[in-house]
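These notes are about the structure you will find just below.
Whatever order the structure lists ligands and atoms in, that order sets their numbers, starting from 1.
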Amino acid sequence: MDYKKEIAELIKNQLQTLSNANLEELTDLIDSIEQPADPKMGHFSYPCFKLAKTLRKAPPIIASETAESLLHGEIPPWLHSVEAVNGYLNFYLTRSFFAENVLKSVLTQTANYGSTNIGNGKTILIDYSSPNIAKHFHVGHLGTTVIGHALYNIFRFQGYETIGINYLGDWGTSFGKLLTAYLKWGKKEEIEQTGLAGLTDLYVKFHEESETDFSLEETARNWVVKMENGDEEGLAIWRWICQVSLQEYQKIYEMLGITFESYRGESYYNDKMAASVEELRSKNLLTESEGALVVDLEDYKMPPCLIVRSDGGTLYATRDITAACDRYNTYKFHKSLYVTGTEQKLHFSQFFKVLDLMGYSWAKDMVHINYGLFIFEAGKMSTRKGQVIKMADLLNEATSKTLDIIQEKSPNLENKEKVAEQVGIGAIIFNQLYNSRIKDVVFSWERMLNFEGETGPYVQYSHARACSVLEKAKSSTDFANFDVFSTDFAKYAEILTDDESFDVLRLIYNFPDKVIESAEKYEPFLISRFLVALAQAFNKFYNTHQILIGGDKQEARLLLLFVAKTVIANGLSLLGISAPLKM
Ligand code: ARG
């Protein structure tokens, strides 16, 4: 039930009987209806200030006249009372009616509760993670991976066809160097054993040796040219290097539960860029600047976008322009998102503009989803200077630290290792998604793994707590096989009218809107914050009311536990976090 809509309808009817003034549209009314943070100020509230001009009356008078006339008429069953306070119309719901309404919605939809079909028939592309081949998957790619995955889930839940694209950085000058080093010092069997570590060592050796042996750089450059001209020897090694790298990345994606629809990386566009350059030329967008070809963007207050270097080489933007056209042709996207750090902001503004200048109306549908830095709290993470932190190490450390906590808290838990992985990794994801994207993420093990803080483990723990009570009561009730349609919800709803239950239900009622809002703003943190609030409300309920006391009271409270844990699990799954049943 859409209470805002119902309330707007009521207000409109009252106002029309009170005056014959031409009123604003219903949608305006709906948008003005608020949900006060403190339910004492009304469960819903409408500020009458906007109406003062049209009705030529002071807002407090409008409010009290409307309230009075409302109360004189027939009040719908869902509405308990209306009050006029300082120009606001405060609406109070009939709690039992509301409880019944929310319980039914969740129990009929369970894992789908909160989903919509807003996006049906539309495709959203999400270019995310996109690590650079032959380098370790390091924490620099944590943000894009985790934010991209959450958005992917959130849009999918809204009914969009979502396409995750891993635009692998699988081409560039570094491959020439790696190839040179590999042919000179590398051994296939060794790399097969050591994987990316071995490749990284070769890369380092190349740089050390080339300080004295100047021919190395030239050999590397030659390799790049040869490979661009289709040299099979070079390309075969390159393909193998990509495979070795992907094997390592795949392990990370498995740990995070991520799959991609497309792995079209940078190299895919090698032979397609010439056509883009030609197109830019024929559209008169290219100008020469110090031997290079650029698109002038002075009119848009941006530095020129480099398309072809003076030595004929293409650039990051050239490839992205080519890839964007390919993606539009393939998917006819509704929106195309790119998740990278804020430091790439200019690059995206530039090439989006170039596509716009090329006459592509869909350029306006491309969005750069930027995010802040990942900062280690000073002195808290031991890393040798200059050494990158590998994602695998971070995830493994989170798991082992969580395992220590579990050993202490619940030594008898089954599947400890598995749960520790779900909670440890969940903690890292949650930490990344707890603030608005553009804020820097400050990393602290203590804060992140605190089972009582505003953390992933806290939310997961609340879920597990609800599950364990439900498990204990399973002999009497099994909600998984619950017959929603033949149940007398009114009887139970009547019991769930206390403040704590009502708070839980109010939050649950708002979940679908939260999901919509987080999709509209591309902000997964709205869901993380929601989950903490729900977990807090749930724990307050849990600590205030006894549950396993038999009778209808027990059934009613178990129902509340069930809907709360269902919504927590749905929210966690949108963020890409598991919800273990026991912790
Ligand atoms: N590989 C790039 C990096 O690691 C990210 C690619 C982002 N996507 C894109 N279409 N430019 O920074």
With the criterion set at N/O pairs under 3.5 Å, what does the list of contacts between the protein and ligand 1 look like, atom names and distances included?
residue: ligand 1; atom: 1 (N); partner: Ser130; partner atom: O; Å: 2.9
residue: ligand 1; atom: 1 (N); partner: Asn132; partner atom: OD1; Å: 2.8
residue: ligand 1; atom: 4 (O); partner: Asn132; partner atom: ND2; Å: 3.1
residue: ligand 1; atom: 4 (O); partner: His141; partner atom: NE2; Å: 2.8
residue: ligand 1; atom: 8 (N); partner: Asp127; partner atom: OD1; Å: 3.2
residue: ligand 1; atom: 8 (N); partner: Asp127; partner atom: OD2; Å: 3.4
residue: ligand 1; atom: 10 (N); partner: Asp127; partner atom: OD2; Å: 2.8
residue: ligand 1; atom: 10 (N); partner: Asp320; partner atom: OD1; Å: 2.8
residue: ligand 1; atom: 11 (N); partner: Tyr316; partner atom: OH; Å: 2.8
residue: ligand 1; atom: 11 (N); partner: Asp320; partner atom: OD2; Å: 2.8
residue: ligand 1; atom: 12 (O); partner: Gln344; partner atom: NE2; Å: 2.9

Check residues 182-192 and write down every donor-acceptor pair under 3.5 Å in which the side-chain atom is one partner and the other belongs to a residue at least two apart or another chain.
residue: Glu192; atom: OE2; partner: Trp240; partner atom: NE1; Å: 2.8

Name the atoms and distances for all side-chain donor-acceptor pairs under 3.5 Å in residues 163-173, with sequence neighbours left out.
residue: Asn166; atom: OD1; partner: Ser130; partner atom: N; Å: 3.1
residue: Asn166; atom: ND2; partner: Tyr253; partner atom: OH; Å: 3.0
residue: Asp170; atom: OD1; partner: Glu266; partner atom: N; Å: 3.0
residue: Asp170; atom: OD1; partner: Ser267; partner atom: N; Å: 2.6
residue: Asp170; atom: OD1; partner: Ser267; partner atom: OG; Å: 3.4
residue: Asp170; atom: OD2; partner: Ser267; partner atom: OG; Å: 3.0
residue: Trp171; atom: NE1; partner: Glu228; partner atom: OE2; Å: 2.8

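Classified by interplanar angle (parallel below 30°, tilted 30° to 60°, perpendicular above 60°), the ring pair His368/Phe348 is parallel.
In the model, Glu261 has a side-chain atom that pairs as donor or acceptor with a side-chain atom of Tyr152 under 3.5 Å. Side-chain contact annotation: His347 with Asp320, donor-acceptor N/O pair under 3.5 Å present.
For the side chain to side chain donor-acceptor pair (under 3.5 Å) test, no residue two or more places apart in sequence or in another chain qualifies with Asp271.
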